[in-house]
Amino acid sequence: MTRDRISLRGLRARGRHGVLAAERELGQEFVVDVTLFLDTAPAAAGDDLTKTVHYGELAEDLVKVVAGEPVDLIETLAQRLAEVCLARELVEAAEVSVHKPAAPIPLPFDDVVVTITRSRA
């Protein structure tokens with residue numbers, strides 16, 4: 001696997017994910033971080049956007065998933081987001097973190113994060 005990476009951090013979108021009825025009704029903000037693993041040398045050599053991943057388009061597609069069909073678990077949401085990343089043919093692997101900073105936990109906390117790594121192999 002190549003060592004080149006493209007990262008998109010702190011992408012925010014409102015979704016209705018969670019097991020509680022209130023989470024589904026009211027929704028909440030989710031924060032997504034992704035790191036894509038791919039060979040960026042061909043893009044750099046020719047200064048050619050078509051030989052890399054357009055991170056603006058990727059961000060739009062990721063937000064559609066977060067804002068789309070609700071799931072119970074952020075593990076499931078992370079998997080769906082990884083599938084969006086891997087749908088780009090140049091991406092060899094993707095690391096996806098889903099943050100749920102407003103999770104319904106009745107104690108002080110900073111964040112809940114699920115991080116997964118998926119590859120084509």
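All heavy atoms count here, side chains included; hydrogens, waters and symmetry mates do not.
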Step-by-step side chain to side chain contact (heavy atoms under 4.5 Å, CB included) determination, H54 to L49: CA-CA 7 Å; H54 189 305; L49 179 60; 3.5 Å; yes
Do the charged groups of K64 and E69 touch, with an N to O distance under 4.0 Å? no
Find the distance between CG (D39) and NZ (K51) and round it off to the nearest 0.5 Å. 11.0 Å
Kindly indicate, with the supporting measurements, whether the criterion side chain to side chain contact (heavy atoms under 4.5 Å, CB included) is fulfilled by Q28 and K100. CA-CA 8 Å; Q28 61 189 288; K100 191 175 180 179; 3.4 Å; yes
Report yes or no: do D4 and T40 form a side-chain donor-acceptor pair below 3.5 Å? yes
Report the distance from atom CZ of R5 to atom CG of L38, rounding to the nearest 0.5 Å. 11.0 Å
Any side-chain heavy atom of V53 within less than 4.5 Å of one from E57? no
Rounded to the nearest 0.5 Å, how far apart are CZ of R80 and NE2 of H17? 8.0 Å
Would a 4.5 Å heavy-atom cut-off, applied to side chains only, mark V113 and V98 as touching? no
Output yes when D72 and R24 qualify as a salt bridge under the 4.0 Å nitrogen-oxygen rule, no when they do not. yes
Are the side chains of V66 and V63 in touch, meaning some heavy atoms are under 4.5 Å apart? no
Hey, does the side chain of H99 reach the backbone of P101 with a donor-acceptor pair shorter than 3.5 angstrom? no
Mind listing the closest non-hydrogen atom pair of V71 and L73 along with its distance? CG2-O, 3.3 Å
Do I6 and T52 have side-chain heavy atoms sitting under 4.5 Å apart? yes
How many angstroms lie between atom CZ of R118 and atom CG of L86, to the nearest 0.5 angstrom? 9.5 Å
Between V32 and V112, is there shared hydrophobic-cluster membership here, with clusters defined by ILVMFWY side-chain heavy atoms closer than 4.5 Å? yes
Under 3.5 Å, side chain of D33 to main-chain N/O of G10, donor-acceptor pair present? yes
Rounded to the nearest 0.5 Å, what's the gap from CZ on F37 to SG on C85? Could you check? 11.0 Å
Pair Q79-E75, side-chain donor/acceptor within less than 3.5 Å: no
What is the distance from atom CD1 of I74 to atom CG of L81, rounded to the nearest 0.5 Å? 10.5 Å
Do F109 and L20 share a hydrophobic cluster (ILVMFWY, side-chain heavy atoms under 4.5 Å, transitive)? no
Count the heavy atoms belonging to other residues, nucleotides or ligands that lie under 6.0 Å from CG of D110, then report whether that count exceeds 12. no
Honestly curious: do L77 and I105 fall in one hydrophobic cluster under the side-chain, below-4.5 Å linking rule? yes
With heavy-atom distances below 4.5 Å as the criterion, would you say the side chains of P104 and E23 are in contact? yes
Is I116 linked to V31 within one hydrophobic cluster, defined over Ile, Leu, Val, Met, Phe, Trp and Tyr using a side-chain heavy-atom separation of less than 4.5 Å? no
Applying salt bridge (Lys or Arg N to Asp or Glu O under 4.0 Å) to E29 and R14, what does each step give before you reach the verdict? CA-CA 4 Å; E29 183 179 70; R14 191 156 184 84; over 6 Å; no
Are T35 and S7 close enough that a side-chain donor and a side-chain acceptor fall under 3.5 Å? yes
